[in-house]
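Here the structure is laid out as structure tokens; the discussion comes afterwards.
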Amino acid sequence: MDRAVSGEQPGGRRRLVEALQERGVRDLAVLRAFDLTPRHLFVPTGMRHRAYEDSALPIGNGQTISQPSTHARYLELLALTGNERVLEIGTGSGYQTVLLSHLASQVFSIERVGTLVTQARDAIRAAGASNVSLLAGDGTLGWREYSPYDAILVTAGSPTVPAPLAEQLQEGGRLLIPIGEREEQILTLFTKHGGELERRDIGAARFVPLIGKYGWPA
Ligand code: SAM
């Protein structure tokens, strides 16, 4: 770890990385991203003492910052090499956005709740990430201007794959999205081959609903 960032518990990031290793996270680039990202900047002040636990925490507006081991699972599945252009749907606190910024060349992230975008922008800046662009809006429409993307990850549960996201995925690219009911989904990894999406089911997941034109109604 390079240095502590104001308000950080000493050794917090190191303990979190060790907890992730104990839970089977092996990808060294992913572990390094956790080591470089000060999670306490992404949780409300009253929750900072819990920032380096492997727990989901409330971030306001009825939303949560996901459990770090869930982020790690997502990031391992994307198998990024550092050269990718990535689209994230559901910025939330912006923590995963910064993890991605250490694993890809450019990160584009969309969040539907405007106040979360404002908070995330400040926290991302404080964490020192400079290869991130944020958009407030409906992520089920994607972000056509910067497409195609080498990887797209959706951190909210959807009934189906939103058509614009399938279109905006690069040939050979990966799309990771929880698909299923409003309360329970299957985390699903799609790879685009010959313009078609090849599906691999990863396992059960529980995410907040993806609300938008190609997701669930509000
Ligand atoms: N990865 C985030 C983090 O590190 O804090 C947590 C994401 S949270 C589980 C899911 C987010 O998806 C919520 O902030 C929610 O507002 C957002 N969301 C839901 N539907 C959306 C949509 N159509 N477009 C963009 N964001 C959406």
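Below, each value reflects all heavy atoms present in this structure, side chains not excepted, and no hydrogens, waters or symmetry copies. Note that ligands are numbered from 1 as they come in the structure, with each ligand's atoms numbered from 1 the same way. For reference, positions follow the sequence shown, starting with 1.
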Going by the order shown, which atoms of ligand 1 are within less than 4.0 Å of some heavy atom of [X]?
X      : answer
Val113 : 16 (O)
Ile110 : 25 (C), 26 (N)
Leu210 : 20 (N), 21 (C), 22 (C), 23 (N)
Gly137 : 24 (N), 25 (C)
Pro209 : 19 (C), 20 (N)
Gln96  : 1 (N), 4 (O)
Thr91  : 2 (C), 3 (C), 5 (O)

How far is [atom] from the closest protein heavy atom, and which atom is that?
atom                    : answer
atom 14 (O) of ligand 1 : Glu111 OE1, 2.7 Å
atom 6 (C) of ligand 1  : Thr64 O, 3.4 Å
atom 3 (C) of ligand 1  : Ser93 OG, 3.4 Å
atom 26 (N) of ligand 1 : Arg112 N, 3.3 Å
atom 7 (C) of ligand 1  : Thr155 OG1, 3.4 Å

Discussion item. Quick one, Gln96 and Leu153 - any side-chain contact, counting heavy atoms below 4.5 Å?
Written reply: yes
Fill in: Residue pair Arg85 / Gln170, side-chain donor-acceptor N/O under 3.5 Å
no
Item to complete: State if Asn61 counts as touching ligand 1 under the rule of any non-hydrogen atom under 4.0 Å.
Response: no
Worksheet item: Who gets closest to atom 11 (C) of ligand 1 by heavy atom: Gly94, Gly90, Gly139?
Response: Gly90
